[in-house]
Amino acid sequence: MTQFKNFIGGKWVDGNDSAPNVNPSDTSDVIGHFARASADQTQKAIASARSAFRTWSLSAPQQRFDLLDQVGSTILARKNELGKLLAREEGKTLAEAVGEVGRAGQIFKFFAGEALRVGGEIVPSVRPGLTVEVTREPLGVIGLITPWNFPIAIPAWKIAPALAYGNCVVVKPAELVPGSVWELVKIIAEAGAPAGVINLVMGKGSVVGETLVKSADVDAISFTGSVGTGQAIAAQCVATGKKFQLEMGGKNPMVVLDDADLDVAVEACINGAFYSTGQRCTASSRLIVTSGIHDRFVEAMQARMRSLKIGNALDESTQIGPVVDAKQLGQDERYIELACAEGGSVFGGGRVPSATEGFFLAPALVTNTTPAMTINREEVFGPVASVIRVTDYNEALAVANDSPFGLSAGICTASLAHASHFKRHVQAGMVMVNTATAGVDYHVPFGGRKGSSYGPREQGTHAREFYTTVKTTYIAPGNV
Ligand code: ADP
């Protein structure tokens, strides 16, 4: 069985031990054994990043452009092969996986250009004779901690800006999906990244992740994952004086008003709630529907759900792949049971038989729910959505905002007045009008409010707010 090593200081090195990477569509298929780093090895990776930072932080923008551009080209040229690996290790469908890899390639291309666009400002001082310069500098060593649901896109949208702006990186992928990041780091190394600029330490959150977060030699942490882990990381970053950025999920509302185009609304909700097996932090998990369209909407959703093909992610005809692992499957099923126990009625949500041993769950739609029910408060992170019936737009908006989260929010309506009001008043970082809450562009800011996110936005030009620090210089000409 192939062994995959960590990448530290420009060398591939064994871990303390290794863990199998198992295909959730077919548990007899083991992709390989991936090294798990010790705390000591993580420290070595941090030290090598620190040492590489001395020259990388002063590298010419052209060098950084060339590296990232080359990485982007390689990813795009290999997107079918990398997409297959991604579908195999995570379980999203082949089409979704190839799409995600393509996006990773585009992200590297985008940030290649950004490396050339780091400008500054020259401002007249309020005091006579002085000039003020505002410039940006890289932060230093950045620890990147990533989740399993976007095995290449999330690492790409953290690694690319970190390197573009002159930082060095230690990346720790999720235990369930180290394969895609391993390939990405190999591509970056082969494209000519100097030793230490990019380091890969795979393994446990409690060992590798904690070492990164606690290290005095790491300047910043960018994390995407669960609320509990994010909050614990925040406390440790404050204690060690690090800059940090957290992306922690959502309970995203999709409002469907009486005047919505029913077909548009159903497609937006099927996509937003169930594609990628509902395992997206932007998934539409609360469908808030006004009374006049409620029954027609539920009926049309159920008809559409019956037609969805659930199965092996590598089968071209599959529309919904498996849940990522047995633990997540158990969590999805517990939330469905709890929703029923609290008074909801469930459609779908059963296990789906398959030729291979995997974690196949039919999408579930829970109706007759109220905003206070657990299913409408906590993130499930599976193919499970609930319907909340409301009387009018005002109640819909109030329910949409009645959540500790605020990542993405959608509305399906033919009314410009309601769409415009919703856009302004919904408490979310991203708003979708007549389109799914999930599925975003790579060149504009990504992130949310309230319990969903902390710190500057990711992606697009806004990424520089996190990956650079600002310096203000005062110059008195007489002394220069
Ligand atoms: P999930 O439950 O979806 O896997 P987690 O928040 O547990 O979400 O994991 C997201 C990432 O955070 C993973 O890479 C995981 O290994 C890492 N992680 C988990 N626990 C810690 C921790 N205590 N410190 C740092 N990173 C951690």
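Just follow the structure's listing: the first ligand is 1, and inside any ligand the first atom is 1.
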Q.
Using salt bridge (Lys or Arg N to Asp or Glu O under 4.0 Å), reason through R377 and D402 one step at a time and then give a plain yes or no.
A. CA-CA 9 Å; R377 314 243 35 112; D402 179 14; 3.3 Å; yes
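For the 3.5 Å distance criterion, the side chains of D26 and S28 qualify, holding a donor opposite an acceptor.
Here salt bridge (charged side-chain N to carboxylate O under 4.0 Å, His left out) pairs that include residues 189-202, with residues two or more places apart or in two chains, are K186-E190. Within the structure, the salt bridge (charged side-chain N to carboxylate O under 4.0 Å, His left out) test picks out the following pairs touching residues 312-326 (sequence neighbours left out): K309-D315.
Partners of K214 under the side chain to side chain donor-acceptor pair (under 3.5 Å) rule, at least two apart in sequence or in another chain, are E210.
For ligand 1, the 4.0 Å heavy-atom shell takes in I145, T146, W148, K172, P173, A174, E175, G205, G209, E210, F223, T224, G225, S226, T229, I233, ordered by chain and residue number.
Ring-plane geometry between F4 and W182 is classed as perpendicular, the angle between the planes exceeding 60 degrees on a 0 to 90 degree scale with a lower cut at 30.
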